[in-house]
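Beneath this line is the structure, given in structure tokens, with notes to follow.
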Amino acid sequence: MLRDHVRSSDPAFQHAVHGMAVISLDGTFLKINTALHDLLGHPQHEFISAASPDLDHAYREMLSDIQTYGESLQSQHLTNGKFEKQIVLVSGRKLQVIIHLAIIPNEDHDPDHYLVQFEDRTRLAELETKMNATETMLLDIQTSYWQMLEKMPLAVLITKKGVVQYVNPAALRLIHAKDQSEVYGLVTDTIVDASFHYTLTNRRRVYATDQSLDAVSYLINCLDGQQKFVEGFTLVITYEGEPAAVGVFKDVTDQRQKEEHMMQSEKLTMAGQLAAGIAHEIRNPLTSINGFMKLMRSSNRNTDYYYDIIESELKRIELIVNELLVLSKPQAKHVSKPVNVLPILDQVITLMKVQSALKDIEIVFDTDDTSLWIIGEINQLKQVFINLLKNGMDAMEAGGTITVTTYSNEQEVLISVRDEGSGMTAEQVQRLGQPFYTTKETGTGLGFMITQNIIHNHRGSIQIESALNQGTIFTVKLPKINKPEDIE
């Protein structure tokens with residue numbers, strides 16, 4: 001009867017995807033299919049031949065478990081079930097399988113044999129083990145990461161779309177918050193002072209364009225009304241499944257105050273030097289005026305010549321006073337905004353061309369750019385370029401060409417003014433910018449000092465290249481910004 005049953009099920013049995021076997025009620029192999037042969041690694045006939053005691057012994061535990069489970073099903077009046085087991089092959093390899101067991105009855109409806117299916121879960125079990133190990137490792141890393149953030153002396157904020165999601169204890173101390181509930185949900189526009197909102201907006205715009213975020217400085221508002229200066233950097237990460245920004249900042253308020261104190265000390269020192277220079281520069285013409293006034297009182301001759309000298313000396317005093325007034329203007333508060341440098345240069349060059357033509361000097365504007373955007377104050381920038389062009393014209397007694405060139409890189413806008421004048425020695429270049437030092441016969445030295453101060457206030461720098469009888473190149477470098485979207 002068993003033989004007839006097995007024969008009738010041969011096609012489905014033999015070609016089944018999972019390993020299958022017919023096992024007697026007393027726990028011996030009666031038949032196996034090709035898939036089980038491949039899984040266990042032995043030819044089919046070895047399992048059911050009389051000469052296979054070794055195999056029976058190797059799989060005795062498995063067969064015993066199948067027999068025991070089958071008897072358990074019978075006692076519960078069940079006809080099928082499944083259980084999971086690890087099988088150790090003769091080769092020593094371990095398999096993790098789910099054993100599906102069905103009790104096949106005979107014609108009298110009594111249990112006759114077991115039809116067993118072996119579902120191989122070894123690979124899946126290995127993957128689950130690896131996944132569990134990986135998950136444990138990630139949890140360890142995550143725990144260490146949060147512990148590190150909690151203990152960091154620097155302030156750390158995590159934000160999504162500008163809304164605070166997390167702050168570490170150092171950040172709470174920075175903004176004088178009692179606990180995290182006071183900070184969660186705040187927008188960065190509230191924490192960052194309004195005077196730095198343009199910087200904040202521009203950083204977001206730059207990141208949206210080229211995915212880069214440079215270091216940044218902000219003035220921030222603490223929860224108790226105090227304000228602090230901070231410096232830091234930002235990283236973009238995935239937080240709770242969404243893009244987020246991690247900002248790491250340090251308090252530089254004390255450092256800023258010390259720097260401002262040092263700058264104030266330097267200004268006072270400079271003011272002393274400037275006062276001494278002013279006294280010296282004005283004393284000379286005043287001495288001349290006083291002397292000629294005495295001569296005029298004691299002389300009966302024509303004094304027109306004396307009047308001319310007195311007038312000349314008074315004009316020199318007026319020039320010094322006017323340039324000192326201009327020098328004070330860059331220190332006054334002014335409103336900077338995004339400006340395109342090219343139209344400013346074009347206007348200044350047009351203005352100066354009248355004076356340059358009288359001296360047989362041509363001003364050439366050389367640029368390949370359509371726009372170069374910076375943060376600045378238009379009138380002060382005009383003053384810089386006027387001063388540089390005037391310097392070039394004053395140095396070119398025999399005429400020639402002044403070339404204004406613009407170019408840029410990712411960080412800076414560069415404007416160079418090249419003249420064909422008499423040039424300067426390295427020592428003269430080094431002394432430029434000192435009060436009342438000048439290479440001109442009638443100059444005061446304050447013009448270049450004004451230029452330097454304006455450029456410094458625009459967070460820029462100026463570079464000088466010069467050689468005697470070969471001319472001079474002044475190169476102004478200013479921080480570059482992207483064109484604002486609201487300006488067409």
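Everything numeric in this text was worked out from a predicted model, so none of it was measured.
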Next on the checklist: Phe385: which residues meet the ring-ring contact (aromatic ring centres under 6.0 Å, His included) condition with it, sequence neighbours left out?
Outcome noted: none
Checklist entry - Taking atom types as modelled, is there a side-chain donor on Thr122 or Arg93 under 3.5 Å from an acceptor on the other? => result no
Next on the checklist: Checking side-chain polar atoms at under 3.5 Å, does Asp193 have a donor or acceptor matched by the opposite partner on Gln227?
Outcome noted: yes
Checklist outcome for this item: Rounded to the nearest 0.5 angstrom, the CG-OG distance for Asp179 and Ser181 is 3.5 Å
Item to check | Within 6.0 angstrom of Asp368 CG, more than 12 heavy atoms from elsewhere | outcome: no
Checklist entry - What heavy-atom pair brings Leu39 and Leu89 nearest, and what distance separates the two atoms? => result O-CD1, 3.9 Å
Checklist entry - Is a side-chain donor or acceptor of His197 paired with a backbone partner of Val192 at a separation under 3.5 angstrom? => result yes
Item to check | Arg459 CZ: over 12 foreign heavy atoms closer than 6.0 Å | outcome: no
Checklist entry - Considering only heavy atoms from C-beta outward, does the side chain of Lys228 approach that of His176 to under 4.5 Å? => result yes
Item to check | Short side-chain to backbone donor-acceptor contact, Glu182 and Lys178, under 3.5 Å | outcome: yes
Item to check | Charged N-O contact under 4.0 Å between Glu240 and Lys160 | outcome: yes
Checklist entry - Thr406 and Val413: side-chain contact (heavy atoms from CB on, under 4.5 Å), yes or no, with the steps? => result CA-CA 7 Å; Thr406 67; Val413 170; 5.8 Å; no
Item to check | Intermediate values then yes/no, side-chain contact (heavy atoms from CB on, under 4.5 Å), Ile462 and Leu388 | outcome: CA-CA 11 Å; Ile462 185 166; Leu388 294 179; 4.1 Å; yes
Checklist entry - Got a donor-acceptor contact below 3.5 angstrom from the Gln180 side chain to the Val167 backbone? => result yes
Checklist entry - Quick one: does Met352's side chain get under 4.5 Å of Lys390's, heavy atoms only? => result yes
Checklist entry - Atom NE2 of His458 and atom CG of Leu478: how far apart are they, to the nearest 0.5 Å? => result 7.0 Å
Checklist entry - Is there side-chain contact between Ser195 and Leu219, with heavy atoms separated by less than 4.5 Å? => result yes
Checklist outcome for this item: The reported gap from CD1 in Ile349 to CD1 in Ile344 (rounded to nearest 0.5 angstrom) is 12.0 Å
Item to check | Minimum side-chain heavy-atom gap Thr190-Asn221 below 4.5 Å | outcome: no
Checklist entry - Are any of the side-chain heavy atoms of Thr475 and Tyr407 separated by less than 4.5 Å? => result yes
Item to check | Partner residues of Phe83 under the ring-ring contact (aromatic ring centres under 6.0 Å, His included) criterion, sequence neighbours left out | outcome: Tyr69
Next on the checklist: Please determine whether side-chain hydrogen bond (donor to acceptor under 3.5 Å, both in side chains) holds for the pair Gln383 and Asn379, giving the CA-CA distance in whole Å, both sets of side-chain angles, and the decisive distance to 0.1 Å.
Outcome noted: CA-CA 6 Å; Gln383 183 70 52; Asn379 290 327; over 6 Å; no
Item to check | Worked check of side-chain contact (heavy atoms from CB on, under 4.5 Å) between Leu157 and Ile191 | outcome: CA-CA 11 Å; Leu157 297 88; Ile191 299 174; 4.2 Å; yes
Checklist entry - Between Glu128 and Arg121, does at least one N-O distance fall below 4.0 Å, as a salt bridge requires? => result yes
Item to check | Leu213 vs Phe233 side-chain heavy atoms within contact, under 4.5 Å | outcome: no
Checklist entry - With distance as the sole test, does Gln165 use its side chain to make a donor-acceptor pair with the main-chain N or O of Ile158 at under 3.5 Å? => result no
Checklist entry - For Ala16 and Ala35, which heavy atoms make the closest approach, and how far apart are they? => result O-CB, 3.7 Å
Next on the checklist: A quick test of your reading: do over 12 heavy atoms of other residues, nucleotides or ligands sit less than 6.0 Å from CD of Gln211?
Outcome noted: yes
Next on the checklist: Set out, in order, the CA-CA distance, both residues' side-chain angles and the distance that settles side-chain contact (heavy atoms from CB on, under 4.5 Å) for Arg418 and Thr405, then state yes or no.
Outcome noted: CA-CA 8 Å; Arg418 179 196 294 266; Thr405 307; over 6 Å; no
Checklist entry - Under 4.5 Å between any side-chain heavy atoms of Leu95 and Phe118, yes or no? => result no
Checklist entry - Which atom pair, heavy atoms only, marks the closest approach of Gly471 to Ser466? => result O-OG, 3.4 Å
Next on the checklist: Regarding Asp394 and Lys359, does a basic nitrogen lie under 4.0 Å from an acidic carboxylate oxygen?
Outcome noted: yes
Checklist entry - More than 12 heavy atoms of other residues, nucleotides or ligands under 6.0 Å from CE of Met131: is that the case? => result no
Checklist entry - What are the two closest non-hydrogen atoms of Leu223 and Ala177, and how far apart are they? => result CD1-CB, 3.6 Å
Checklist entry - In terms of ring plane angle, is the pair Phe196 and Phe229 parallel, tilted or perpendicular, where the classes change at 30° and 60°? => result perpendicular
Checklist entry - Which atoms form the tightest heavy-atom contact between Leu468 and Gly423, and what is the distance? => result CD2-O, 3.9 Å
Next on the checklist: Any salt bridge linking Asp214 with Lys480? Criterion: basic side-chain nitrogen under 4.0 Å from a carboxylate oxygen.
Outcome noted: no
Checklist entry - Taking atom CD1 of Ile402 and atom CD of Glu420, what is their separation to the nearest 0.5 Å? => result 9.0 Å
Item to check | Euclidean distance, Glu362 CD relative to Lys353 NZ, rounded to 0.5 Å | outcome: 7.5 Å
Checklist entry - So, does Asn168 use its side chain to make a donor-acceptor pair with the main chain of Leu154 at under 3.5 Å? => result yes
Checklist entry - Do Ile481 and Tyr198 touch side chain to side chain, with heavy atoms closer than 4.5 Å? => result yes
Checklist entry - Can you tell me if Ser356 uses its side chain to pair, donor with acceptor, with the backbone of Ile361 under 3.5 Å? => result yes
Checklist outcome for this item: Scanning both residues in full, the closest heavy-atom pair of Val339 with Ile378 reads CG1-CG1, 3.7 Å
Item to check | Interatomic distance, Tyr218 atom OH to Thr199 atom OG1 [nearest 0.5 angstrom] | outcome: 7.0 Å
